[in-house]
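What follows is a single structure, written as C-alpha cells, with notes after it.
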Amino acid sequence: MERIGGYLVERKLGEGGMGTVFLARTRGGRAVALKVAKAELAADPVFRERFRSEVEAARAVGGFHTASVVDADVDGDPLWLATAYIPGPTLAARLAAQGAMDEAQLRALAAALAEALESIHSCGLVHRDLKPGNIVMADDGPRVLDFGIARAAESTRLTATGTAFGTPGFLAPEQALGHDVGGAADVFALGAVLVAAAGGSAWGEGTPMGLMYRSVHEPPDTSAVPAGLVEVVTACLAKDPAARPTPAELLDRLTGEPAAPARPDPPSHPPALTTAPPAPTPPTHAPAAPSTPPHSAAPPAAPATPSHLPASPGVPATPPHLAAHATPPHLAVTSPAPATPPHLPPAPPVPPQAGYGFGPPVPYGAPEAVLGDGDARVVVNAAGVVLELGGVAADFEWAEIAVVRRTPATRGNRLTVTVQLWDGGVYDCELNARRAARLTEWIARLDPVLGRYLPHR
C-alpha cells in the first residue's frame, strides 16, 4: 500500500476541487482523514503561504465539535493535512434521509455549532463556508469539517478570479459584497443552517446571484423555524455584522446560563494574500431604494422591510441569461416549509452515502463537460457542478447534490441547468447556444457526463 507522510493509505474516500481525501492509518493503527492538495494548487506560492498559516492556526482548535488537525506537511510535495477521522453522514444527508428537525433537535444542533464556532474563532480562524455539507453528524454530536485546504484555497481563488468564496444561501451580506469578513459571517451561516435543518430556506431558491442579492437586501424566510427559536435565528441573520450575537452569546440564549468568563470578540481572519487594495468596509445602513430587481418577486409590504433598500455597489441584479425562481413570500411562523419546486422531481428518500471530506470516490481521468456562452458557464466533472456568471462561481460537490436537470428552451436555443441540493437549495443557470446545432451539441456532451456521476437519478 502507498504511504503519504508516514501514513498508510487504505482507500480513497473522496475527491473535490481542492484535493483528494484518503482514509489512512498511523503506524499504531489509528484512522485519520488524509487530505492531499491538488498539484496545481500546491504549485501556487500564495496557496502554500496561506496553507501554512491556516494549518498553524487550525492545530490550536480544540473542543468536542471539530475534526482536530493531527499532522500536516506544509513544505513538501505533495502538501497534505491529516485530521481525526469522524464517521457519520453529513447534516445534508441526514436531512434528506430523515426530514426536518424538531425544536429540541434544532436547539441541540445550534448549541453544538455555536460551541464549535467559539473554539474556531478563539484561535483567530473564520470558517467562511459553514453549511450542511460541512457538518458531520457523528455518534457523539455534530462536528464541523474543512480546515486548512479549504481556507487556503480561498486566497488562490480570490487572486485568480476575484470571486467571493463560500456557498450562496449561506453567505453573509459582507461576504456577498466581497468585503473582509470576521466571525460574525459564520454566525450568519449558522442561522441559515438552522433554517435549512428546520426544513426551510432562508433566501428561497434561484440563481446564486439572486440568493446573494436577497441575503443583502431582503428579510429571511424563517417560516419553517419553530416559534421558540425564531428570535435566535433572526438575530443570527441580521444584515449588520455588529448586530449578530457572538457564539458565546448564542450559547447563553440557547442554554439560559451565561458562560463565565465571557470570551472577547474573535479577531477577524487575515485577508487573502493579493496585490489588490482591501475592500471598503460595508456601510451599516443603506438608504431607501426605488425598486426590486426584475428577476425576483417583491415581498409583501411591511414596516422597515429591507427589501426596499437599494442594491449596494458591487451587487448587480441577476442578468437576464440566468433564470431565477421568484423570491418566496415571507410567511407566518406557523406556515409549513416550502415544498420541492414543481419543475424538479422530489429528492430520493435516502441519499447516497457520500465519501468523507471533499465528495464521493471518483476515478482519475473521468469525463468532463464544459458549456459556456461568453457570459455564463456550466462545468460538470468528477468534483461536482460549477455554475458561473460574470466571474462569480458557485461550486457544488456531488456529496451535496440530489438532482441535476438540463432543460432546453422551446424557443431561443437556450439551455437551463438546474442543481437541487439535499438541503433543499435550488440553483439555475441559463446558457444561450444561439444556434440549434450548438444546443444539440451541448446536450450530447452533457448527458453522458451526468449519466456517469448520477446513475441513480
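For clarity, every value in this text was computed on a predicted model and none was experimentally measured.
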(request) Look at the rings of Phe51 and Phe47 and say which category their plane angle falls in: under 30° parallel, 30 to 60° tilted, over 60° perpendicular. (result) parallel
(request) Drop me the distance from Asp375's CG to Glu388's CD, to the nearest 0.5 angstrom. (result) 11.0 Å
(request) First locate atom CH2 of Trp80, then atom OH of Tyr7, and finally report the distance between them rounded to the nearest 0.5 Å. (result) 5.0 Å
(message) Donor-acceptor pair, distance only, cut-off 3.5 Å: does the side chain of Arg445 make one with the backbone of Thr440?
(response) no
(request) Quick one: do Leu95 and Trp422 satisfy side-chain contact (heavy atoms from CB on, under 4.5 Å)? Show the steps, please. (result) CA-CA 7 Å; Leu95 294 174; Trp422 289 111; over 6 Å; no
(message) Measuring from atom CD of Glu430 to atom CG of Leu387, what distance do you get when rounded to the nearest 0.5 angstrom?
(response) 12.5 Å
(request) Ignoring hydrogens and angles, tell me if any N or O in the side chain of Arg405 forms a donor-acceptor pair with the backbone of Thr418 under 3.5 Å. (result) no
(message) side-chain contact (heavy atoms from CB on, under 4.5 Å) for Leu117 and Leu250? Distances and angles first, verdict last.
(response) CA-CA 10 Å; Leu117 293 182; Leu250 269 179; over 6 Å; no
(request) Would you name the heavy atoms of Pro132 and Thr90 that are closest together and state the gap between them? (result) O-CB, 3.7 Å
(message) Can you list everything that forms a side chain to side chain contact (heavy atoms under 4.5 Å, CB included) with Val379? Sequence neighbours excluded, please.
(response) Glu368, Val370, Arg377, Asn381, Val386
(message) Side chains of Pro408 and Ile443, heavy atoms from C-beta outward: is any pair under 4.5 Å?
(response) yes
(message) Could you work out, with salt bridge (charged side-chain N to carboxylate O under 4.0 Å, His left out) as the rule, every residue matching Asp71, not counting sequence neighbours?
(response) none
(request) Kindly check if the number of other-residue, nucleotide or ligand heavy atoms within 6.0 Å of CG (Asp139) is above 12? (result) no
(message) Whether Glu397 and Lys131 form a salt bridge (side-chain N of Lys/Arg under 4.0 Å from carboxylate O of Asp/Glu) is what I want to check.
(response) no
(message) If I take atom CZ from residue Arg406 and atom CG from residue Leu450, how far apart are they, to the nearest 0.5 angstrom?
(response) 8.5 Å
(message) Side chains of Leu113 and Val144, heavy atoms from C-beta outward: is any pair under 4.5 Å?
(response) yes
(message) Quick one, Val385 and Ile401 - any side-chain contact, counting heavy atoms below 4.5 Å?
(response) yes
(request) Kindly give the heavy-atom pair with the smallest separation between Pro208 and Ala394, and that separation in Å. (result) CG-CB, 3.7 Å
(message) Measuring only between side-chain heavy atoms, which start at C-beta, is Trp442 closer than 4.5 Å to Asn413?
(response) no
(message) Looking at every heavy atom in both Ala192 and Phe170, which two are closest together, and how far apart are they?
(response) CB-CD2, 3.5 Å
(request) Indicate the ring-plane relationship of Tyr427 and Phe396, choosing parallel, tilted or perpendicular according to the 30° and 60° boundaries. (result) tilted
(message) To the nearest 0.5 Å, what is the distance between CE on Met137 and CZ on Arg94?
(response) 6.5 Å
(message) Can you confirm whether Val216 sits close enough to Trp203 that some side-chain heavy atom of one is under 4.5 Å from a side-chain heavy atom of the other?
(response) no
(message) Using a 3.5 Å distance criterion without hydrogens, assess whether the side chain of His127 forms a donor-acceptor pair with backbone atoms of Leu145.
(response) yes
(message) Ignoring hydrogens, what is the shortest heavy-atom contact between Arg3 and Arg27? Give both atom names and the distance.
(response) NH1-CG, 4.4 Å
(request) For the residue pair Thr167 and Asp129, confirm or rule out a side-chain donor-acceptor distance under 3.5 Å. (result) yes
(request) State which residues pass salt bridge (charged side-chain N to carboxylate O under 4.0 Å, His left out) with Arg25; sequence neighbours excluded, sorted by chain then number. (result) Glu10
(message) If you compare all heavy atoms of Ala114 against all heavy atoms of Leu190, which two are closest, and at what distance to 0.1 Å?
(response) N-CD1, 3.7 Å
(message) Do Val378 and Leu415 have side chains that approach each other closer than 4.5 Å (heavy atoms only, starting at C-beta)?
(response) no
(request) State, yes or no, whether a side-chain contact exists between Thr246 and Glu118 at a heavy-atom distance under 4.5 Å. (result) no
(message) Please give me the minimum heavy-atom distance between Ala31 and Leu23, naming the atom from each residue.
(response) CB-CD1, 4.0 Å
(message) Could you tell me if Asp428 and Thr207 have a donor-acceptor pair between their side chains, going purely by distance under 3.5 Å?
(response) no
(message) side-chain contact (heavy atoms from CB on, under 4.5 Å) for Phe188 and Leu130? Distances and angles first, verdict last.
(response) CA-CA 9 Å; Phe188 187 95; Leu130 186 69; over 6 Å; no
(request) To the nearest 0.5 Å, tell me how far Lys239 NZ sits from Arg244 CZ. (result) 9.0 Å
(request) Show your reasoning for whether side-chain contact (heavy atoms from CB on, under 4.5 Å) applies to Glu218 and Tyr213. (result) CA-CA 8 Å; Glu218 298 183 5; Tyr213 178 90; 4.0 Å; yes
(message) Using a 3.5 Å distance criterion without hydrogens, assess whether the side chain of Gln175 forms a donor-acceptor pair with backbone atoms of Arg128.
(response) yes
